[in-house]
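Heads up: the structure comes next, in structure tokens.
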Amino acid sequence: MPKITIDGEEHEVEAGMTVLQACEQAGKEIPRFCYHARLPTAGNCRMCLVAMERSPKPVASCAMPVGDGMVVYTDTPEVRKMRQGVMEFLLINHPLDCPICDQGGECDLQDQAMAYGMDHGRYRENKRAVEDKYMGPLIKTIMTRCIHCTRCVRFSTEVAGVSDMGLIGRGEGAEIVSYLDKAVDSELSGNVIDLCPVGALTSKPYAFAARPWELKKTESIDVSDAQGCATRVDSRGPEVLRVLPRLNEDVNEEWISDKARYWVDGLKRQRLDRPYVRVDGKLKPSTWDDALAAAAKALKGAKGNAVAAIAGDLADCESMLCLKELMVGLGSASLDCRQDGSKVDPAVRASYLFNSTIAGIEDADALLLVGTNPRWEAAVLNSRIRKRYLMGNFPIAAIGPEFDATYKLDRLGVGAEILAQVADGSHAFAKVLKGAERPMIIVGTGALAREDGAAILALARETAEAVGAVTDDWNGFNVLQRAASRVGGLDLGFAPLADGLDTTGILAGAADGSVKVVYLLGADEVDTLALKDAFVIYQGHHGDAGAHVADVILPGASFAEKNATYVNLEGRVQRGQLAVFPPGEAREDWKILRALSDVMGSPLPYDTLGAVRQGLVKANAVFQALDQVRPAGWAEFGAVGAVACDFPYPIINFYMTDPISRASATMAECTDVYVGRDEGKTGTDG
């Protein structure tokens, strides 16, 4: 390992590091604008200049690899003068927008100007003005502020995998543009706002809403998909104003999807803020006492499997545990958290997990996608696939309809028979998988939510075993879940018990009259027409599809309004925290179920959130450890049978997949711009 002397102290550093990284490892602060650890090096802002012995001129530390025997100075009067000169150049054309700039208080240029700026400028020429560019409904541009660091260009090209942004012109005529003035067509486009070190790219929906010091910052997780990205919820008073990413190397690095970032305006629209009871065919406002009494009467009047429960995609683990115990107490075995009808096996954890883990994607050396479009089903995970693709030697193939991937892949076909050929080794890509040291298979839930879903699951398992994707130190079999509640619900056994009905059976039973009462815990993606003859109790936070058919509505709390536990697609137990209180008379979901059980005369044994979480641990030991992944044991799962038909993709509109995003005006605008006014009006195919 090379040894480098930094400000008189000798340090041993890893070969291949840059001088900037070595200095930071030694505890030295190096200013920068263009450099970012997750982006290719550009070396064009020159703010990171350092002095180096035997070098006739200053060195850009971000672009200089370390060498044995280097002697570097980071804080001499000469180095400070260099940086002051660079700052003076950067401010030649920068407008004095700080009082009206949304980046104020969070601006790298502002902070570094305080450290390296001078109290006067020596340039008297007129400042240059640049026309603002259109980049879509999410990104607001004030391009006169741009310092041409090119972080946004490098992110969109390298991480997001789209070529919609670039730097054109030279010298004073250089500009960052979106080519052909089109919207930046990426599900990760909002991350360029975090990357921008000045106020050139800011959030259009958040424009002029608040200053950062006015906001209460609450650490949380994203529930818009199953990945569980680490987020920070910023609120003021009773309103959530924005969501930003937090660093989590194992899950999302420091990126989040546009839906996770911008769907929060849906939290203040179409909310259920009081109980309702249907009287004479019409829903009318009610009191909590009357609504709970009506629900309790219906539940006690139809015990056994005449009562059923379905948990929605945003349900938390605490509420699913309480609802399961309530159903079991009534003698019902008909409950399910798989409202899409996927045929994963609740008894075998490996059948529904992303077993390789998200970070494990970088260790794989071949990939087969089966009936999944990861760009829409898990946008941040898709960026991890692209990251591995850019490392090289990573063949990717897909079975399913064509989609706009952000990496090159071989399209093997659209039918399930292709998977059978890979399983028996007759397909050419089977040899590629067998030749890989760590092959990976990702199966989409759309492929499993069919009548032959169990057969597809068994076929995918056979494929994984045949190509050597499951070994003692590697499990390359993965199911790409889409719902934040799915893995947690399956871990809790929120699935049909002995002789119980699954989602399909519950809906069929409600239609033929054998199921009298259906409890919907935020379940809005089911066929609600099948429930018109049943008594429906809906507990949720938005007036979406489930609320429209309900006979009793119990207003619950959204993810930002409660302390709740979720399990992401790789089996990682995560916690979200209460950022704002639920609106009106809405309550946390587990408390509603506890109150309902009290009215029914069989109170659940939970009086505090801590007691509920102890119940989670009793139900499944995986809830003991937070933010850890426990490998699942491998066993046989699925059901051997005939497979037919092409694989469908479950998402037809990335921007509207749940009650919150469907209520969001920002997501509606994104739908108009990116999906089109005449298609994608609903988020899933049900």
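Using a 4.0 Å cut-off between a side-chain N of Lys or Arg and a carboxylate O of Asp or Glu, R338 and D336 qualify as a salt bridge. Taking the charged nitrogens against the carboxylate oxygens, R594 and D607 do have a contact shorter than 4.0 Å, which makes a salt bridge. In this structure, R486 pairs ionically with D313, as a charged nitrogen and a carboxylate oxygen lie closer than 4.0 Å. Between D265 and R269 there is a salt bridge, since at least one side-chain N of the basic residue sits less than 4.0 Å from a carboxylate O of the acidic one. Using a 4.0 Å cut-off between charged nitrogen and carboxylate oxygen, E239 and R271 do not count as a salt-bridge pair.
Closest heavy-atom contact between A619 and L492: CB-CD2, 3.8 Å. Here the closest non-hydrogen pair linking T463 and A423 is OG1-CB, 3.2 Å. Contact record, L457 with S351: CD1-O, 3.9 Å, taken as the closest heavy-atom pair.
Between the side chains of D258 and Y655, not a single donor N or O lies within less than 3.5 Å of an accepting N or O. Under 3.5 Å, the side chains of D225 and Q227 contain no donor-acceptor pair of N or O atoms. No donor-acceptor contact under 3.5 angstrom links the side chains of T503 and Q339, judged on distance only. Side-chain contact check for E561 and S558: at least one donor-acceptor pair (N or O, by modelled atom type) lies under 3.5 Å. Side-chain polar atoms of Q270 and D544 form no donor-acceptor pair below 3.5 angstrom. Side-chain contact check for Q574 and D627: no donor-acceptor pair (N or O, by modelled atom type) lies under 3.5 Å.
When atom types are taken as modelled, the side chain of N382 and the backbone of P374 share no donor-acceptor pair closer than 3.5 angstrom. S661 places a side-chain N or O within 3.5 Å of a backbone atom of T657 that can act as its donor or acceptor partner. The backbone N or O of S356 lies less than 3.5 Å from no partner atom in the side chain of N475, so there is not a single donor-acceptor pair. Between the side chain of W288 and the main chain of E585, a donor-acceptor pair closer than 3.5 Å is present. Using modelled atom types, no side-chain atom of E219 and backbone atom of Q577 make a donor-acceptor pair closer than 3.5 Å. For the pair S485 (side chain) and G312 (backbone), a donor-acceptor distance under 3.5 Å is present. Between the side chain of H542 and the backbone N or O of G266, at least one donor-acceptor pair lies under 3.5 Å.
With sequence neighbours left out, the side-chain hydrogen bond (donor to acceptor under 3.5 Å, both in side chains) criterion links S224 to D222. Residues satisfying the side-chain contact (heavy atoms from CB on, under 4.5 Å) criterion with Q614, sequence neighbours excluded, are absent altogether. For Q624, the side-chain contact (heavy atoms from CB on, under 4.5 Å) partners two or more places apart in sequence, or in a different chain, are V617, A621, R630. Partners of Y276 by ring pair (Phe, Tyr, Trp, His ring centres under 6.0 Å), not counting sequence neighbours: none found. The side-chain contact (heavy atoms from CB on, under 4.5 Å) test applied to A379 returns E187, L188, S257, F654, not counting sequence neighbours. For R450, the side-chain hydrogen bond (donor to acceptor under 3.5 Å, both in side chains) test picks out D452, with sequence neighbours left out. Applying the ring pair (Phe, Tyr, Trp, His ring centres under 6.0 Å) criterion to F581, with sequence neighbours excluded, gives no partner residue. Scanning for side-chain contact (heavy atoms from CB on, under 4.5 Å) contacts around A309 gives L323, M327, L335, F494, Y519, with sequence neighbours left out.
When side chains are defined from C-beta on, P650 counts as touching R482, because their heavy atoms get closer than 4.5 Å. Considering only heavy atoms from C-beta on, Y352 stays 4.5 Å or farther from L569 through its side chain. Side-chain contact between D658 and L314 is present, with at least one heavy-atom pair separated by less than 4.5 Å. Between I358 and N568 the shortest side-chain heavy-atom distance falls below 4.5 Å.
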- Task: Mind running side-chain contact (heavy atoms from CB on, under 4.5 Å) on I256 and V243 for me, showing each step along the way?
- Result: CA-CA 9 Å; I256 56 172; V243 171; 4.3 Å; yes
- What do the steps show when you test Y538 against D551 for side-chain contact (heavy atoms from CB on, under 4.5 Å), and what is the final call? CA-CA 8 Å; Y538 179 80; D551 295 284; over 6 Å; no
- Item | Derivation of the side chain to side chain donor-acceptor pair (under 3.5 Å) call for S664 and K259 | CA-CA 10 Å; S664 166; K259 184 165 53 178; over 6 Å; no
- Message: Before you tell me yes or no, could you show the steps for N653 and Y674 under side chain to side chain donor-acceptor pair (under 3.5 Å), namely the whole-Å CA-CA distance, both residues' side-chain angles and the distance that decides it to 0.1 Å?
- Response: CA-CA 9 Å; N653 178 6; Y674 297 113; over 6 Å; no
- Query: Going through the checks in order, is the side-chain contact (heavy atoms from CB on, under 4.5 Å) test met by K532 and V549?
  - Reply: CA-CA 7 Å; K532 57 183 176 59; V549 297; over 6 Å; no
- Task: Please test S514 against D512 for side chain to side chain donor-acceptor pair (under 3.5 Å), starting from the C-alpha separation and ending with a verdict.
- Result: CA-CA 6 Å; S514 59; D512 65 24; 2.8 Å; yes
- Item | side-chain contact (heavy atoms from CB on, under 4.5 Å) between L368 and V422, worked out | CA-CA 10 Å; L368 175 64; V422 177; 4.2 Å; yes
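Note that CG of L419 is 5.0 Å distant from CD1 of I399, once rounded to the nearest 0.5 Å. Atom CG in L353 sits 8.0 Å away from atom CD in Q481 (nearest 0.5 Å). The CG atom of L520 lies 6.0 Å from the CG atom of L531; values are rounded to the nearest 0.5 Å. Atoms CG and CE, from L490 and M320 in turn, are 8.5 Å apart once rounded to the nearest 0.5 Å. Here the CD atom belonging to E377 is positioned 9.5 Å from the CG atom belonging to L369, to the nearest 0.5 angstrom. Remark: I537 CD1 to F535 CZ distance equals 5.5 Å, nearest 0.5 Å.
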Run the side-chain donor-acceptor check on residues 294-308: report pairs under 3.5 Å with partners two or more places apart or on a different chain.
residue : atom : partner : partner atom : Å
N305    : OD1  : A333    : N            : 2.8
N305    : OD1  : S334    : OG           : 3.3
N305    : ND2  : D499    : O            : 3.2

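Applying the side chain to side chain donor-acceptor pair (under 3.5 Å) definition to pairs two or more places apart or across chains, those involving residues 317-328 are D316-S319, E318-T565, E318-R613, E325-Y606. Sorted by first and then second residue, the ring pair (Phe, Tyr, Trp, His ring centres under 6.0 Å) pairs with a member in residues 608-648 read F477-W634, F477-F637, W634-F637; sequence neighbours excluded. Applying the ring pair (Phe, Tyr, Trp, His ring centres under 6.0 Å) definition to pairs two or more places apart or across chains, those involving residues 548-575 are W263-F559.
Atom CD of E451 has 12 or fewer neighbouring heavy atoms from other residues, nucleotides or ligands inside a 6.0 Å radius. Counted within 6.0 Å of CZ on R274, heavy atoms from surrounding residues, nucleotides or ligands total 12 or fewer; the atom is thus considered open.
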